[in-house]
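The block underneath contains the structure these notes are about, expressed in structure tokens.
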Amino acid sequence: MAHVFDVAQYIVNKLGRISTIKLQKLVYYSKAWSLVWDEDPLFPEEVQAWAIGPVVPVLYEVHKGQFFSPMNFKGADPDTLTEAQKETIDLVIASYGPHDPQFLVALSHSEQPWRMHRRGLRDYETGHEPISDLDIAEYYSRLEI
């Protein structure tokens, strides 16, 4: 199975310099659509409902405090991604990639997986509740990209 760093590296290789917030959202949407189209979680690392939207904490730890994502992730090997996984990520990049980070944050804030795991918290409050793959798959399986 691929890891979140393999996915992040693949995205950075495709897009070049990218903000950390945008990278987090593209990684999240890649996982979401992989769950729907490929019936595969794409990576095992947990997604949490943070104030800025869905975040993969282990990825955050690598870029914490930086505006732009690193160009290289230690130990990442995007070649471990299957052709189906690359195709899914490419479709996510084509659909979500043209949007700025603020749009992607607002979009993720409007969607049920993030909202249901933020219940009881104000927009700015810290929250680290995991968003399950099942909740993600159920929601996105009702949408079209």
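This structure is a prediction, so every number in the text was calculated from the model and none was measured.
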| said: Evaluate Tyr28 against Val7 for side chain to side chain contact (heavy atoms under 4.5 Å, CB included), listing each step before the verdict. | reply: CA-CA 10 Å; Tyr28 168 72; Val7 176; over 6 Å; no
Here the gap from Arg119 atom CZ to Glu129 atom CD, rounded to the nearest 0.5 Å, amounts to 9.5 Å
Contacts of His63 meeting ring pair (Phe, Tyr, Trp, His ring centres under 6.0 Å) (sequence neighbours excluded), chain-then-number -> Tyr60
Do you reckon Met1 sits in the same ILVMFWY cluster as Leu81, going by side-chain contacts under 4.5 Å, direct or chained?
no
The side chain to side chain donor-acceptor pair (under 3.5 Å) partners of Asp135 (sequence neighbours excluded) come to His117, Ser132
| message | Within the 4.5 Å heavy-atom criterion, are Asp90 and Tyr10 side-chain neighbours or not? | response | yes
All heavy atoms of Tyr140 vs all of Ala32, minimum pair found to be CD1-CB, 3.6 Å
One should read off an interatomic distance between Lys31 NZ and Glu46 CD, to the nearest 0.5 angstrom, of 8.5 Å
Taken in chain and number order and not counting sequence neighbours, the residues that satisfy salt bridge (charged side-chain N to carboxylate O under 4.0 Å, His left out) with Lys64 are Glu61
- Greater than 12 external heavy atoms within 6.0 Å of Lys86's NZ: yes
Applying side chain to side chain contact (heavy atoms under 4.5 Å, CB included) to Leu42 and Ile89, what does each step give before you reach the verdict?
CA-CA 10 Å; Leu42 188 58; Ile89 299 166; 4.3 Å; yes
d(Ile131 CD1, Arg118 CZ) to nearest 0.5 Å is 9.5 Å
- In the single-linkage hydrophobic clustering (I, L, V, M, F, W, Y; side-chain heavy atoms under 4.5 Å), do Phe5 and Tyr29 co-cluster? yes
query: Would you say Asp38 and Thr82 make side-chain contact, with heavy atoms under 4.5 Å?
result: no
Here the pair of heavy atoms bringing Pro70 nearest to Val62 is CG-CG1, 4.1 Å
Side chain to side chain contact (heavy atoms under 4.5 Å, CB included) with Ser69: of Ile21, Leu59, Leu26, Val12, only one passes, and it is Val12
Nearest heavy-atom contact between Ile18 and Leu15 is CD1-CD1, 3.8 Å
Sorted by chain and residue number, the side chain to side chain donor-acceptor pair (under 3.5 Å) partners of Asn72 (sequence neighbours excluded) come out as none
OG1 (Thr88) and CG (Leu35) are apart, to the nearest 0.5 Å, by 10.0 Å
Sorted by chain and residue number, the side chain to side chain donor-acceptor pair (under 3.5 Å) partners of Gln112 (sequence neighbours excluded) come out as Arg142
How about CD on Glu125, more than 12 heavy atoms from neighbouring residues, nucleotides or ligands closer than 6.0 Å, or not?
yes
Output for pair (Lys25 NZ, Ile11 CD1), nearest 0.5 Å, gives 12.0 Å
Heavy atoms of Pro54 and Val47 approach each other most closely as CB-CG1, 3.8 Å
Separation between CD (Gln24) and NZ (Lys22), nearest 0.5 Å, reads 14.0 Å
Residue pairs passing the side-chain hydrogen bond (donor to acceptor under 3.5 Å, both in side chains) test with at least one member in residues 91-108, sequence neighbours excluded, are Trp33-Tyr96
Taking every heavy atom of Pro98 against every heavy atom of Ala94, the minimum-distance pair comes out as CD-O, 3.4 Å
